[in-house]
Amino acid sequence: MNDKTQEEHKLIAQRREKLRKLRERGIPFPNDFRRNALAGELQKELGDKSKEELEALDRRVAVAGRIMAKRGPFLVIQDMSGRIQFYVDRKKLSKELLDEIKTWDIGDIVGGEGPVHKSGKGDLYVNLDKAVLLTKSLRPLPEKWHGLSDTELRYRQRYLDLIMNPESREVFLMRSRIIDYIRDFLKQRGFVEVETPMMQVIPGGATARPFVTHHNALDLPLYLRIAPELYLKRLVVGGFEKVFEINRNFRNEGLSTRHNPEFTMLEFYEAYADYHDLMDLTEELLRGIARDIKGTTEITYQGETYDFGKPFARMTVKEAILHFNPDIPAEDVEDREKAAEHARRLGIEVKESWGLGKILIEIFEKTVEHNLKDPTFITEYPTEVSPLARRSDTDPFVTDRFEFFVGGREIANGFSELNDPEDQAERFRRQVEEKEAGDDEAMHFDEDYVRALEHGLPPTAGEGIGIDRLVMLFADVPSIRDVLFFPHMRPRES
RNA sequence: GGGCCGUUAGCUCAGUCGGUAGAGCAGCUGACUUUUAAUCAGUUGGUCGGGCGUUCGAAUCGCCCACGGCCCA
């Protein structure tokens, strides 16, 4: 380590010196100031009153927050609700207090008390009687007008982004409101919120690469869950007939504007329902979120508008492939070799072990998915790629499954659950074969889960909704990093 | 993993043809006390992401590396 890394920046040194003086004078980080008002609420409550009305009212408040700007005798204070000014009156305050306020810096956290008045220009301010520095900030804030725009710093030092950029705060508040809405929606319909293991002996419920950890006392490898599905269905076996969980999943895959190694998933299961019921429920839920959060069913995402008010389109995987690939004849999606030919032409590396179902899904992902702009349910997913979904009664090649797309992105995946334990065992065996053939995303055989099914899973439908992507949609942001407080980044060397 | 773009003062950004590195904000000194990106005068602040190379001379050209962004797989 050289001197350079230890040497402190001048701006920090100046502030540290001010803190040193505070220490000399007593308690540098007091915690006895109690506020009784919030800036934003005062603006709402008193913002319309005239100067004279406010003086007559003589509303005395105690407000605390961070100094965001200094404007002559005014300090701009920001708290969680908004902003209000403090007025520093030279004629009114003691010399000692005036001298102290002079040492306050932008970024410091302060408290002030006094009556709320209004300036000649019509802005509210607290006419300070008392004021106290509560927390000295040792580091300067970013530029007051442009805020913090460097994306790397916004993600690495999210607190600065939140202090400086109101749009960013708004996204996270919206995220919270969306999750609240979903909880209320499901609870009102009789669903019970539960929690199931994040660390699993057999990672199940999805096809994805897991993170591995190790339990010392049991001397056992444990996997961070890639999905809660198999545990939630065990609960349905146990008589919890309507359950949901909103929690993190972990997948050991790359990072992108749509992927973070940990992400939030809503999963819910309803006994005595099928996938059609869930499509209806999903439609109602998304429409409800749109109305509640945006006040309209017209949702604009990255310049394009989608109408959540109209009934959502529904089509099958095969129909969608034919629709977006007019050059593929209808009979070719029924034939493995012909479908494989089309797949190869599209640049897909077709593996020997793939059946028709897997080939169709690859073609679907390559040519259809990004084109599904308007809210659309896609149904009839091949059994081959749906190892946990109930087989269709009319066509065993496909399952009673759907996925939901909007803006070219998958948002939800749901199906009538496979509750035939013997079929499930057979499907697990196929997965194990694929794993042995080199597919490291294929599922493990979960005997314990099959045993649960053998006790009887009632006819059930279940669904997962990716919360991060949902929030991206409603918040109209292009990257998943914009809806995660602390997106994963490569650590920066010191 | 591949392609393209970016990295200059605490922050937001300029920097021409390769010729001593600039502005605004923030900071500091002072004036000013009803300001609204407060204003006025003065002023401090740089390993130009890191390394190697080309050159009399590199923020600028070349190569390698790091981190980030976007796109593709």
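All values below come from the heavy atoms of this structure, side chains included, with hydrogens, waters and symmetry mates left out. Proteins come first, then strands; the chains are lettered A, B, ... in the order of their sequence lines, and each starts at number 1.
Within a 6.0 Å radius of NZ in Lys373(A), more than 12 heavy atoms belonging to other residues, nucleotides or ligands are found.
Here the C1' atom of nucleotide U33(B) and the CG atom of Leu128(A) are 13 Å apart, to the nearest Å. For the pair Ile84(A) CD1 and U34(B) P, the interatomic distance rounds to 19 Å; values are reported in whole Å. Between the NE2 atom of His117(A) and the C1' atom of U35(B) there is a distance of 17 Å, given to the nearest Å. One can place CE of Met164(A) at 12 Å from C1' of G10(B), the figure rounded to the nearest angstrom. The separation between Leu153(A) atom CG and G6(B) atom P is 18 Å, rounded to whole Å. Atom CG in Asp123(A) sits roughly 13 Å away from atom C1' in A38(B) (whole-Å rounding). Note: CD1 (Ile67(A)) to C1' (U36(B)) measures 17 Å, nearest angstrom. Going from atom NE2 of His146(A) over to atom P of G10(B) covers 18 Å, rounded to whole Å.
No donor-acceptor pair closer than 3.5 Å links the side chain of Ser353(A) to the backbone N or O of Lys351(A).
Side-chain atoms of Arg209(A) and Tyr223(A) include no donor-acceptor pair closer than 3.5 Å.
OP1 or OP2 of U33(B) sits under 4.0 Å from a side-chain N or O of Arg90(A). Checking the phosphate oxygens (OP1, OP2) of A38(B), a side-chain nitrogen or oxygen of Arg71(A) falls inside 4.0 Å.
At the heavy-atom level, Gly254(A) lies nowhere under 4.0 Å from the strands shown. Nucleic acid contact for Pro73(A): base, since at least one base atom lies under 4.0 Å from a heavy atom of the residue. Residue contacts for Val76(A): at a heavy-atom cut-off of 4.0 Å it reaches no nucleic acid atom on any strand shown.
With both ends at atom P, the span from U44(B) to C4(B) equals 43 Å, rounded to whole Å. To the nearest whole angstrom, the two C1' atoms, one in G69(B) and one in U29(B), are 41 Å apart. Comparing G50(B) with C11(B), their C1' atoms sit 22 Å apart, to the nearest whole Å. Going from the P atom of G2(B) to that of C65(B) covers 10 Å, rounded to whole Å. Comparing C71(B) with G46(B), their P atoms sit 38 Å apart, to the nearest whole Å. Comparing C28(B) with G18(B), their C1' atoms are spaced 36 Å from each other, to the whole Å. Rounded to whole Å, the separation between the P atoms of C61(B) and U8(B) comes to 16 Å. Atom name P, nucleotides G22(B) and G45(B): the rounded distance is 12 Å, in whole Å.
With respect to the salt-bridge test (charged N to carboxylate O, under 4.0 angstrom), the residues Asp105(A) and Lys18(A) qualify. One finds a salt bridge joining Glu45(A) and Arg59(A) here, because a Lys/Arg side-chain nitrogen approaches an Asp/Glu carboxylate oxygen to under 4.0 Å.
Taken from CD1 in Ile348(A) to NZ in Lys358(A), the straight-line distance is 9.5 Å, to the nearest 0.5 Å. Interatomic distance, Ile163(A) CD1 to Leu148(A) CG, rounded to the nearest 0.5 Å: 10.0 Å.
Between the side chain of Ser119(A) and the base of U35(B), a donor-acceptor pair under 3.5 Å is found. The base of U35(B) has none of its N or O atoms less than 3.5 Å from a complementary donor or acceptor on the side chain of Tyr87(A). Evaluation of atom-type donor-acceptor distances gives a pair under 3.5 Å for the side chain of Gln85(A) against the base of U35(B).
Ring pair Phe86(A)/Phe74(A): centre-to-centre distance not below 6.0 Å. In this structure, Phe172(A) has its ring center closer than 6.0 angstrom to the ring center of Phe485(A). For Phe415(A) and Tyr275(A), the distance between ring centers is not under 6.0 angstrom.
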When you compare the protein's N or O atoms with those of nucleotides 25-28 of chain B, which come within less than 3.5 Å of each other, and at what distance?
unit_1: C25(B); atom_1: O3'; unit_2: Lys144(A); atom_2: NZ; d: 3.4
unit_1: A26(B); atom_1: OP1; unit_2: Lys144(A); atom_2: NZ; d: 2.9
unit_1: G27(B); atom_1: O2'; unit_2: Gln14(A); atom_2: OE1; d: 2.5
unit_1: G27(B); atom_1: O2'; unit_2: Gln14(A); atom_2: NE2; d: 3.4
unit_1: C28(B); atom_1: OP1; unit_2: Lys18(A); atom_2: NZ; d: 3.1

Hey, what are the protein-to-nucleotides 68-73 of chain B N/O distances that come in under 3.5 Å?
unit_1: G68(B); atom_1: OP1; unit_2: Arg490(A); atom_2: N; d: 2.9
unit_1: G68(B); atom_1: O4'; unit_2: Glu152(A); atom_2: OE1; d: 3.1
unit_1: G69(B); atom_1: OP1; unit_2: Arg481(A); atom_2: NE; d: 3.2
unit_1: G69(B); atom_1: OP1; unit_2: Arg481(A); atom_2: NH1; d: 3.3
unit_1: C70(B); atom_1: OP2; unit_2: Arg481(A); atom_2: NH1; d: 3.0

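Phe364(A) pairs in a side-chain contact (heavy atoms from CB on, under 4.5 Å) with only one of the listed residues (Asn325(A), Ile359(A), Ile378(A)), which is Ile378(A).
Comparing C11(B), U33(B), A9(B) by their nearest atom to the side chain of His9(A) picks out A9(B).
Under a cutoff of 6.0 Å and an axis angle of 45°, Arg401(A) and Tyr381(A) form a cation-pi pair.
Mapping Leu148(A) and Asp89(A) onto RNA chain B by nearest heavy atom places Leu148(A) closer to the 5' end of the strand.
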Trace of the salt bridge (Lys or Arg N to Asp or Glu O under 4.0 Å) decision for Arg25(A) with Glu100(A): CA-CA 12 Å; Arg25(A) 279 166 37 205; Glu100(A) 197 198 311; 3.3 Å; yes

Pairing string, 5' to 3', for RNA chain B - Watson-Crick or wobble contacts under 3.5 Å, brackets [ ] where pairs cross, | to another strand: (((((((..((((.....[..)))).(((((.......))))).....(((((..]....)))))))))))).

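Among all heavy-atom pairs drawn from Ala290(A) and Ile299(A), the shortest one is CB-CD1, 3.8 Å.
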